[in-house]
Amino acid sequence: MRLAQVLFVILIGVLTSACTNTQTMKAATASFQWQSTDKKIALIEPDVVLGELQAAGMFEPRADWTKAGRDNVRNETARLFEARGVKLVMLDPATEHRDIQLVKLHGVVGRAVLLHLFVPGNELPTKGKALDWTLGPGTQGMRSKLGADYGLFIFVRDSYTTAGRALMMLGAAILGVGITGGQQVAFASLVDLNTGNVVWFNVLQSSSGDLRTQAESAKVISALLKDAPL
């Protein structure tokens, strides 16, 4: 099982079972100052995968759902920041080899943050509970090219319960055993493109919210980015 899938399973078990739960962290040294004449953020192509939660608990991606979810996440994020007076520069990493590497690096760093800061007992001795993670100075090229002070990265894994899984949940409930249905796990991070440091990070876990629809996507993105310090 890939690391992303392992973390998905871990987080489902670790985060609370509330309808929607978020946990936010800021870097202690972050100042959130703008160097550009207008507030501008590079929105990296969201890493979104939607799929079915099978009876045995396996997550099966669906390409059509994933495309709809990715489009909705991108559009609702742009809408939210526009309302805050922040300009978004859309970045498609498929057009730039260097940017592709940065997106992959952020995926590794983001999952490390999840594992070591949000799963109890996995804190690193040298970092503790501090948001002390970086992508390195390679982000400066992106900053120069786009004129943006920050990069916004969004990661989402969303599963929907199949009929087989629902029947298994019902049978388990009769026996007094709890089995989870479809769940949504997401994280968003702001990266200072001048330093490469992750300056803000938010995790969302929810048992509701259908990213295949625009209305529900707006609610999810509002919750995921509501505390973004911009």
Side-chain angles (χ1 to χ4, degrees), residues 20 22 24-26 30 32-50 61-96 98-107 109-110 113 135 139-158 184-194 196-206 208-230:
T20 298
T22 60
T24 303
M25 298 190 72
K26 296 180 184 178
F32 301 105
Q33 295 180 352
W34 299 92
Q35 302 298 322
S36 56
T37 55
D38 55 350
K39 294 182 178 180
K40 189 182 295 185
I41 295 176
L43 175 60
I44 315 305
E45 179 71 4
D47 182 355
V48 178
V49 179
L50 277 59
R62 283 276 302 267
D64 52 342
W65 294 356
T66 294
K67 182 182 184 306
R70 184 184 299 117
D71 290 345
N72 284 330
V73 167
R74 185 194 307 111
N75 294 338
E76 292 309 315
T77 299
R79 212 172 266 123
L80 183 147
F81 278 109
E82 182 179 353
R84 295 182 183 181
V86 177
K87 182 179 180 180
L88 286 183
V89 183
M90 302 295 184
L91 175 66
D92 181 0
T95 63
E96 294 288 344
R98 187 178 184 86
D99 294 337
I100 292 174
Q101 298 308 311
L102 282 174
V103 171
K104 290 181 178 179
L105 176 59
H106 176 268
V109 172
V113 173
L135 303 187
T139 57
Q140 291 176 357
M142 186 183 295
R143 181 178 184 274
S144 299
K145 179 172 61 178
L146 300 175
D149 290 304
Y150 298 95
L152 175 65
F153 294 79
I154 295 177
F155 173 98
V156 181
R157 293 296 180 268
D158 200 359
Q184 186 178 92
V185 174
F187 67 76
S189 63
L190 278 174
V191 174
D192 184 334
L193 295 181
N194 186 49
N197 295 339
V198 178
V199 293
W200 175 83
F201 194 92
N202 190 30
V203 178
L204 177 147
Q205 183 270 340
S206 179
S208 63
D210 191 339
L211 289 175
R212 296 170 296 184
T213 68
Q214 182 273 328
E216 289 297 311
S217 295
K219 295 177 183 178
V220 172
I221 292 302
S222 178
L224 183 63
L225 300 177
K226 68 176 181 178
D227 294 322
L230 300 171

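Start at 1 with the first residue, then count along the sequence. Just so you know, these numbers use all the heavy atoms, side chains as well, and skip hydrogens, waters and symmetry mates.
Under a 4.0 Å N-O distance rule, the pair Glu82/Lys87 does not qualify as a salt bridge. Electrostatic pairing of Lys40 and Asp149 does not count as a salt bridge here, judged by no charged N lying under 4.0 Å from a carboxylate O.
Using a 4.5 Å heavy-atom threshold, the side chains of Tyr150 and Asp192 count as touching. The closest side-chain heavy-atom distance from Phe153 to Leu135 is below 4.5 Å. The closest side-chain heavy-atom distance from Ile41 to Phe81 is below 4.5 Å. Annotation: side chain of Arg62 is not in contact with side chain of Leu50 (no heavy-atom distance under 4.5 Å). Within the 4.5 Å cutoff, the side chain of Val89 has no heavy atoms near those of the Leu43 side chain. The closest side-chain heavy-atom distance from Val191 to Asn197 is not below 4.5 Å. A heavy-atom distance below 4.5 Å is not found between the side chains of Val198 and Leu190.
Listed by chain and residue number, His106 satisfy the side-chain hydrogen bond (donor to acceptor under 3.5 Å, both in side chains) test with Ser189 (two or more places apart in sequence, or in another chain). Residues satisfying the side-chain hydrogen bond (donor to acceptor under 3.5 Å, both in side chains) test with Arg70, not counting sequence neighbours, are none.
Atoms OG1 and CG, from Thr66 and Asp158 in turn, are 9.5 Å apart once rounded to the nearest 0.5 Å. A distance of 11.0 Å separates CG of Asn202 from NZ of Lys26, quoted to the nearest 0.5 Å. Of the inter-residue distances, the one linking Leu211 atom CG with Thr213 atom OG1 reads 7.5 Å to the nearest 0.5 angstrom. Rounded to the nearest 0.5 Å, atoms CZ (Arg84) and NZ (Lys39) are 10.0 Å apart. Rounded to the nearest 0.5 Å, atoms CZ (Arg74) and CD1 (Ile44) are 12.0 Å apart. Atom CG of residue Leu193 and atom CE of residue Met142 lie 6.5 Å apart, to the nearest 0.5 angstrom.
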(message) Checking Gln214 against Arg79 for the side-chain contact (heavy atoms from CB on, under 4.5 Å) test, could you report, in this order, the C-alpha distance in whole Å, the side-chain angles of both residues, the deciding distance, and whether it holds?
(response) CA-CA 12 Å; Gln214 182 273 328; Arg79 212 172 266 123; 3.8 Å; yes
(message) Checking Val73 against Ile154 for the side-chain contact (heavy atoms from CB on, under 4.5 Å) test, could you report, in this order, the C-alpha distance in whole Å, the side-chain angles of both residues, the deciding distance, and whether it holds?
(response) CA-CA 9 Å; Val73 167; Ile154 295 177; 4.1 Å; yes
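Under a cutoff of 6.0 Å and an axis angle of 45°, Arg157 and Phe155 form a cation-pi pair.
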Under 3.5 Å, which donor-acceptor pairs do the side chains of residues 221-230 form with other protein atoms, sequence neighbours left out?
none

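Summarising the geometry of Val49 relative to Pro61, their closest heavy-atom pair is CG1-CB, 3.8 Å, with the distance given to 0.1 Å. In terms of heavy-atom proximity, Ala148 sits nearest to Ala42 at CB-N, 3.6 Å.
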